[in-house]
Amino acid sequence: MKRIESKLNTSSAEFQANFEHNRRLAEEFKEKQHKVRYDRPQRDIDRLAKQNKMLVRDRIKQLLDPGTPFLEFSSLAANDAYDGEVPGAGCVTGIGIVSGREVVINAGDASVKGGAWYPLTVKKTVRALDIAIENRLPVVHLCDSAGGFLPLQAELFADKYYAGRIFRNQCMLSKMGVQQVSVVLGHCTAGGAYVPGLSDYNVIVRGTGAIFLAGPPLVKAATGEEVTVDELGGCDMHTSVSGTADYPASSEEEAIAIARDIVAQFKQPEKSRIEWLPPEAPFYDPSELYGVLPRDIKQQFDMHEVIARLVDGSRFHEYQPAYGTTLICGYAHLWGYKIGILANNGVLLNDSALKGAHFIELCNQARTPILFLQNITGFMVGKEYERRGITKDGAKMIMAVSNCEVPKFTLMCHGSFGAGNYGMSGRAFDSRFMFSWPQSQISVMGAEQAANTLADVKIRQLAKQGKELTPEAIAAIRDPVLGEFKRKQSAYWATSEIWDDGMLDPVDTRHALGIAISAALNTPIGDPRYGVFRM
Amino acid sequence: MNSWPFRSVLVANRGEIAVRILRTVQALGLEGVVVYHAADRHSPAVRMADKAIEITGKTPVAAYLDGEQIIAAAKSAGAGAIHPGYGFLSENTGFARAVAAAGLTFVGPTPEQIDLMGDKVRARAFVEAGGFPVAPSAIEDDDPATFVERARKVPLPLLIKPAAGGGGKGMRIVRDLNVLEAEIERARSEGQRYFGDGRLYVECYVENPRHIEVQVLGDAHGNVVHLFERECSVQRRFQKIVEETPSPALTPELRAKICETAAGIARKAGYRNAGTVEFIFGQRGEFYFLEMNTRLQVEHPVTEMITGKDLVHEQLRIAAGEQLGYTQADIKSTGHAIEYRIYAEDPARGYTPTTGPILKLRTPNNVRIDSGIVEGGEVTAAFDPMLAKVIVTGVDRDDAIANSDRALAEYVLLGCQTNTAFLRRLINHPAFIAGDVHTGFLDANPDIAAEPALTESTLHKLLAAAAISTRPMRDVADTVPSLHAAIGDWRN
Amino acid sequence: MHHAFKIDKNEYDLGLSRSEDGYRLHFGDATVPVNLHVEDDGTAVLTVNGRSERVVIATRGDDVFIHLGGAAYQLRYEHPLDRLAAQAQGGAEDNVRAPMPGSLVAAHVKAGDSVVRGQALLVIESMKMETTIAAPRDGIVQAVQFTAGQTFDRDALLISLQAATPEAAGE
């Protein structure tokens, strides 16, 4: 592997303008994230203090080993939903180190609507447990929730991937031999009672923790029985009479300390062995990424410059450097791990699609995890390409991506439009982790193109009826469509809907990917097997 | 010595002094026997001795006070002489007599000399009669009826002392005549309780006195020499902590005067074997006889270092009947020597004794260490808390002090708290460096005993070392994968 | 932070994490790079913030003894679970411990006796000084651990009082 030769002029006006633009976007992202994490109405903070409850991030801090990283997922989930009143979708999930082990953390945020489960809360929780299953990571649940948000129950209760999926996932983890511990720090009511119920171990705090299928008011309504919270499902009853809870604790600190001690008993995972060399920082400064990314989504840039600022020593072994040049394929090390990289440098053509499929097979053959760096406007269209079989070639690439046995990681670097998203391992293709950069966009086609297309349809309709439209009238049809498109193709929308596992400041990408790759290696890597490649 | 009248010597003692005596006994080609209580089974003296005989008692200390058992042990081991060390039975007239009666040689003075000097009142009278200086006083025995009245006349401040006492125990200072009678009563009941004898005497108390003593040696043929003085002013609760020679307080003239006085007293008593004459030395250069110890003293090594003489060897020769063979002029003093007593105690908490296992013991090189402990042993409340003596020399006092700081810093004993850090603070105190000490020095400078607060830097070092050495902490840290360890505390 | 060490009466919260080439000490707001390398002869080299020095360390149970900079120190480890459980019970005043090593002269109470705060419980002797030990609070004697004449070390448990009941706890 030799070092990528950077062709950037970091003192050019273009570079400087891009740098300022992207640095500001990253700053705005960080500010939004900070607000979502820490701004809470004073009355909610006071309420928790009166109940002797710690804030969720303080609980996580106590839980995690000192001097270790915490990779948080979907910090801006629900940022463009529910009028912005449910920051982070009311829960905190991520991968952290507890007693030396990589674990998934699933923590309710009682400072947001009492920790009630909104539809996106459920989606975020299910996603966290899917990550635990796919990567065989133990889970620590910090339970503190008011239960399902009733007004939106139709969007979180009945369907296959709604709330029931949380408990189904817990059972799957248990079946796989991947352990879970729950710390009951508040009420676990109705469905929520199953979180500790389905955990291999659980701890409950005396006074504030409770587990019951229905709380005292519902019990009274159902059978007329009058009973207190503690009598019905409190710490001492469940740890000494019913055996539903395993360890009593007299404070949150003690409960978390017990949970840490429980995790210390978990067996250490057998890591899949892949090629590895001692890690090395990139030769080029990662902050230069701000200057690499153009201010305009439609403008092209050389992905080599991005790769050079992510990988160890900026060293890269490029596969088929002269063929299919709109798709860069090659090997590099990231935080020591050897990975294969596919990165877009233009539209996907026949040769680049074939090269991509072939390279994915090479990576599977050698047990090399794959990183997809997306910046794709789509496959090439037109008669010549169809005759050459662009549809077949795209299909081959998608077949390879879908049947990949090695872990995949996807990064939305810039644009992700159309079927190119699929070939580059979009959300539907089971990447273990997917992250987005703040300026990235994702939709079936570009906003202008879509707005023009839709306006076009309307204009021809009206023309058939003999109506001619003024430029203002055209704009009146076109602009709302454009606005709506732009909103729903932004990284903020994607992350709000949990189409990814979180947004990242570009300079944080290396650490995030390193942690992700390490987590992914808890699962054995099987032998490659593909369906039929349409030749 | 060509042929010894005894082939084997029994050491009736323990700890560091037993080791030290055995060392000379064996170096001379004699057999060394030691008695021991079970608590000392694994002690260095027992391991070193050619023969070791177990003795028993209601308490460990009681065993070493059982003269009968000890003499029986000597006989069964075929030992021809008994060296009593210091403390225990070393100044017990009855024991000395019993040893002689058993046909064994007692390595020490005659029973009569022990008796004379053991009774502080008689000793004082004997010395005064010889024209040697004593402090103004009132002796109860002279006339018990007028004792309190005569005590009132002794210049204040005065010191009430038990006649049968020693080693600084049972003494009371009186500065106000109103409490004199009450204090006399208390002193009497303590004297009765600790020494079995309630008789008292009262002495003028010299304020901020220095404690200066002189080593003497006498043979059975009337020859007596002194081996210069030792200053032992640094004390706590009347027990010595640091002893040195020469004394920084003495001019050559005063030195000669005090040493000659001591030799004179020993000569007058016809003193045989090793002994020490102790004086109270005032700030104006006046000195008074305090007491005479008719045994080898704890701090004898400093005398050995400056004179080059092995005092135990001299004791054995004299006990074997030999003449000294040298005159006062033959005894020279070279350089400076300081001895530090390593105590198992906590100076910051009133010097309360400490206990614990001796987990690690590392001693400095190029320094004499007389020690009764080994790594793996245990310091218990069964015996006196003195563990070892560190004896440092130098070409002069400043040199010796510099060497002392290094030696004490390098003396490592882990598992039981000792006074080594305190000793370093002591010798670095400007007054000590200036030689400006007296017996009240430590009380007057409580900052020496006080433990200095931990600096942030030291605290970090201690916590770091402790954390890494503690399995629960280190195991958790070690389990973290290397990637996460390298990334450290990071959040996205 | 989870763990703690006690030096004399002071408790210090701390954490230890692994770093790329050693460890980090987490104490207060500070994160300090540290390492300890034990040599064959039993001495160790302690490195803190890049500066190294020789130390000697011995451990026994929860006690860590360290010789550093010419002085000896003793630290007692407190496991997080023990500390947090103890906080819940507040048991410091249930156990009466020896302030210094010594022997028991006389016990004025026996198991089952009711005592008030300040009442003389027993007399101990050390270094020929007698000390009277008084009750730290009102309560009932659970057990007297030594008989007259027996010796003990500093911190030895002399008398245990029954755990205070909620009503008796007063304030």
Side-chain angles (χ1 to χ4, degrees), chain A residues 29-30 33-34 37 57 60-61 64-76 92 94-102 260-261 263-264 266 268-269 271 276 278-281 334-337 435 501-519 521-522, chain B residues 346 348-349 352 354-362 375-376 378 409-410 412-418 420-421 450-492:
Chain A
F29 160 62
K30 288 273 155 110
Q33 207 180 220
H34 192 273
R37 284 170 168 170
R57 288 180 190 274
I60 292 174
K61 183 154 185 237
L64 298 175
D65 290 359
T68 58
F70 177 54
L71 176 63
E72 187 176 344
F73 303 140
S74 301
S75 55
L76 290 179
V92 181
I95 293 180
I97 301 289
V98 177
S99 297
R101 288 149 178 84
E102 293 164 297
R260 281 181 52 80
D261 208 35
V263 175
F266 290 173
Q268 302 235 38
K271 294 281 212 184
W276 183 92
E280 186 188 338
L334 197 149
W335 269 106
Y337 298 108
F435 301 107
D501 296 313
M503 282 167 65
L504 286 177
D505 180 339
V507 302
D508 283 340
T509 307
R510 236 181 94 77
H511 284 352
L513 287 176
I515 293 170
I517 297 170
S518 172
L521 294 177
N522 290 332
Chain B
D346 187 351
R349 277 177 193 74
T352 55
T354 55
T355 56
I358 301 174
L359 299 174
K360 282 241 168 76
L361 181 63
R362 303 281 152 89
E375 190 170 292
E378 180 114 16
E410 289 174 22
V412 177
L413 195 160
L414 294 178
C416 174
Q417 184 181 358
T418 67
T420 52
E451 214 157 85
L454 285 174
T455 62
E456 189 181 72
S457 158
T458 302
L459 184 57
H460 285 175
K461 291 177 189 173
L462 290 175
L463 293 177
I468 299 174
S469 305
T470 297
R471 286 293 302 272
M473 293 196 74
R474 194 174 77 241
D475 286 350
V476 168
D478 284 348
T479 314
V480 174
S482 58
L483 172 92
H484 306 80
I487 293 180
D489 188 0
W490 170 87
R491 303 284 181 269
N492 56 320

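Hydrogens, waters and symmetry mates are skipped; everything else that's a heavy atom, side chains included, is used. Within every chain, numbering begins at 1; the chains are lettered A, B, ... in the order of the sequence lines, protein sequences first and strands thereafter.
Heavy atoms of A/Leu64 lying under 4.5 Å from chain B belong exclusively to its side chain. There is no contact between A/Ala264 and chain B, counting heavy-atom distances below 4.5 Å. If you measure heavy-atom distances from A/Leu71 to chain B, the contacts under 4.5 Å come from both the backbone and the side chain.
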Using a 3.5 Å cut-off and no angle test, enumerate the donor-acceptor pairs between side-chain atoms of residues 458-466 of chain B and protein atoms at least two apart in sequence or in another chain.
| residue | atom | partner | partner atom | Å |
| --- | --- | --- | --- | --- |
| B/Thr458 | OG1 | B/Thr455 | OG1 | 2.8 |
| B/Lys461 | NZ | C/Glu53 | OE2 | 2.7 |

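Sorted by first and then second residue, the pairs that involve residues 483-492 of chain B and meet salt bridge (Lys or Arg N to Asp or Glu O under 4.0 Å), not counting sequence neighbours, are B/Asp489-B/Arg491.
Closest non-hydrogen pair, B/Ala486 versus A/Trp335, comes out as CB-CZ3, 3.9 Å. Heavy-atom minimum distance, A/Arg37 versus B/Asn492: NH2-O, 2.9 Å. Nearest heavy-atom pair across B/Pro481 and A/Gly100 is CD-O, 3.6 Å. Nearest approach of B/Val476 to A/Ser99, heavy atoms of both residues: CG1-CA, 4.0 Å. Smallest separation of non-hydrogen atoms from A/Gly514 and B/Leu483: O-CD2, 3.3 Å.
Within residues 502-511 of chain A, the residues having any heavy atom under 4.5 Å from a heavy atom of chain B are, by residue number, A/Leu504, A/Asp508, A/His511.
Listed by chain and number, the residues in a salt bridge (charged side-chain N to carboxylate O under 4.0 Å, His left out) with A/Glu280 are A/Arg315 (sequence neighbours excluded).
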